Amino acid sequence: MKNDQPIVIAIDGTSASGKSTNAKLVASKLGYAYVDTGAMYRTLAWYCLKSRIDIHDPKAVGQLCKKWKTKLMCLDGHVRLMVDGYYPEKEIRTAETSAAVPHVAAVPKVRDWMKQKQRDCIQFGNLVMEGRDIGSNVFPETEYKFYLDANLAERSKRREAEGVQEDLAKRDQRDSQRSTAPLMVPLGACVVNTSGQTPQESSQHIIDTFQEQFSNRNEPTAS
Ligand code: DC
């Protein structure tokens, strides 16, 4: 990334590894805008259901994505994808939308569209962006990449505490084996194991690492 461009901190990782909690804390402590890219995929899944589009038909999903009316807005430091002027905050978290979103997220045309929209978020300045392919695909040029993980037992416990029963081992396999933009540790990413850590501890570790990388990068070189 060039020196005069906004900074992007990419936070990728497995499900329930603490991406959202950490990304929000890091963004708020640094005063950067927070982008939840999963919410953007969820918004499209919700819109497909609402428009009665068959989520198992990649062509129909791709066509809808090409023509839906959306706008990016930054409210209280959170970037949101508005549809027809509306942000479906609760609707995108229902069990129905959660079941539909992996199908929508696997469509190559959808991933191309999302990548462009996610790159457009730079209009809001410095960003903390969380997802599955941010450091590997959306902003591969950023120097600040983090990959969060935690042991399976702890991740399953966190999901249960949220009231969600999910086979995370299966989800990991599906996320990392899909053909388009699979979940992977981006090249050069700092891997953070959040097992046994509080969000305060892990987010502080991310901030300390980022600040160290930032100052090393901007230190004048001796001539
Ligand atoms: O993080 P989440 O559960 O809200 O993500 C919703 C879905 O979107 C999930 O199936 C993973 C997918 N996703 C993705 O493929 N790429 C991203 N950058 C973010 C989420």
Side-chain angles (χ1 to χ4, degrees), residues 8-24 26-27 33-49 55-56 58 61-62 65 70 72 78-81 83 87-122 127-140 142 145-150 155-156 158-186 189 194 199:
V8 176
I9 300 179
I11 300 190
D12 293 300
T14 51
S15 291
S17 58
K19 293 187 299 295
S20 299
T21 309
N22 280 281
K24 277 184 206 157
V26 171
Y34 162 67
V35 189
D36 173 0
T37 59
M40 295 169 76
Y41 286 97
R42 286 173 176 274
T43 299
L44 179 62
W46 163 77
Y47 194 68
C48 286
L49 296 172
I55 49 144
H56 301 284
V61 172
C65 183
T70 62
L72 287 168
H78 288 204
V79 177
R80 283 146 195 239
L81 184 67
V83 192
Y87 181 60
E89 188 162 14
K90 289 217 172 70
E91 295 91 325
I92 64 172
R93 305 287 164 192
T94 63
E96 203 189 0
T97 307
S98 297
V101 66
H103 302 285
V104 166
V107 176
K109 281 214 162 63
V110 167
R111 299 213 72 93
D112 290 345
W113 188 94
M114 290 287 174
K115 177 175 175 175
Q116 191 50 56
K117 270 285 164 208
Q118 288 159 11
R119 288 191 66 89
D120 289 348
C121 292
I122 209 89
L127 304 174
V128 178
M129 183 174 281
E130 65 142 308
R132 306 289 195 288
D133 63 337
I134 310 309
S136 57
N137 179 49
V138 180
F139 281 106
T142 185
K145 303 181 192 195
F146 294 87
Y147 183 90
L148 271 51
D149 204 356
R155 292 193 291 126
S156 302
R158 289 179 191 164
R159 271 289 185 263
E160 272 170 40
E162 290 166 3
V164 181
Q165 293 283 349
E166 195 180 359
D167 185 341
L168 287 177
K170 223 184 214 166
R171 171 92 110 98
D172 289 347
Q173 198 182 26
R174 208 173 47 205
D175 281 347
S176 40
Q177 289 183 354
R178 72 166 170 240
S179 57
T180 322
L183 171 68
M184 61 167 87
V185 180
T194 64

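Keep in mind that what you see is a predicted model, and the values were worked out from it rather than measured. Numbering of ligands and ligand atoms starts at 1, following listing order.
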Mind listing the closest non-hydrogen atom pair of Asp175 and Ser15 along with its distance? OD2-OG, 4.0 Å

May I ask you to check whether over 12 heavy atoms, not counting those of Lys117, lie within 6.0 Å of atom NZ? yes

When you pair each N or O of ligand 1 with protein N or O atoms, which pairs come out under 3.5 Å?
unit_1   : atom_1 : unit_2 : atom_2 : d
ligand 1 : 1 (O)  : Arg132 : NH1    : 3.0
ligand 1 : 1 (O)  : Arg132 : NH2    : 3.4
ligand 1 : 3 (O)  : Arg42  : NH2    : 3.1
ligand 1 : 4 (O)  : Arg42  : NE     : 2.7
ligand 1 : 15 (O) : Arg111 : NH1    : 2.9
ligand 1 : 15 (O) : Arg111 : NH2    : 3.3
ligand 1 : 15 (O) : Arg178 : NH1    : 3.1
ligand 1 : 15 (O) : Arg178 : NH2    : 3.0
ligand 1 : 16 (N) : Arg111 : NH2    : 2.9
ligand 1 : 18 (N) : Thr37  : OG1    : 3.1
ligand 1 : 18 (N) : Arg132 : N      : 3.2
ligand 1 : 18 (N) : Asp133 : OD1    : 2.9

My understanding is that only residues two or more places apart in sequence, or in another chain, count here; which of them pass salt bridge (Lys or Arg N to Asp or Glu O under 4.0 Å) with Glu162? Arg159

Can you sort out the partners of Thr94 under side chain to side chain donor-acceptor pair (under 3.5 Å), two or more places apart, ordered by chain and number? Thr97

Which atom pairs, donor and acceptor, lie under 3.5 Å between side-chain atoms of residues 35-45 and protein residues at least two apart or in another chain?
unit_1 : atom_1 : unit_2 : atom_2 : d
Asp36  : OD1    : Gly38  : N      : 3.1
Asp36  : OD1    : Ala39  : N      : 3.2
Asp36  : OD2    : Arg93  : NH2    : 3.2
Thr37  : OG1    : Glu130 : O      : 2.6
Tyr41  : OH     : Arg111 : NH2    : 3.1
Arg42  : NH1    : Ile92  : O      : 3.0
Arg42  : NH1    : Ser98  : OG     : 3.1
Thr43  : OG1    : Ala39  : O      : 2.7

Any Leu183 side-chain heavy atom under 4.5 Å of Thr14 side chain: yes

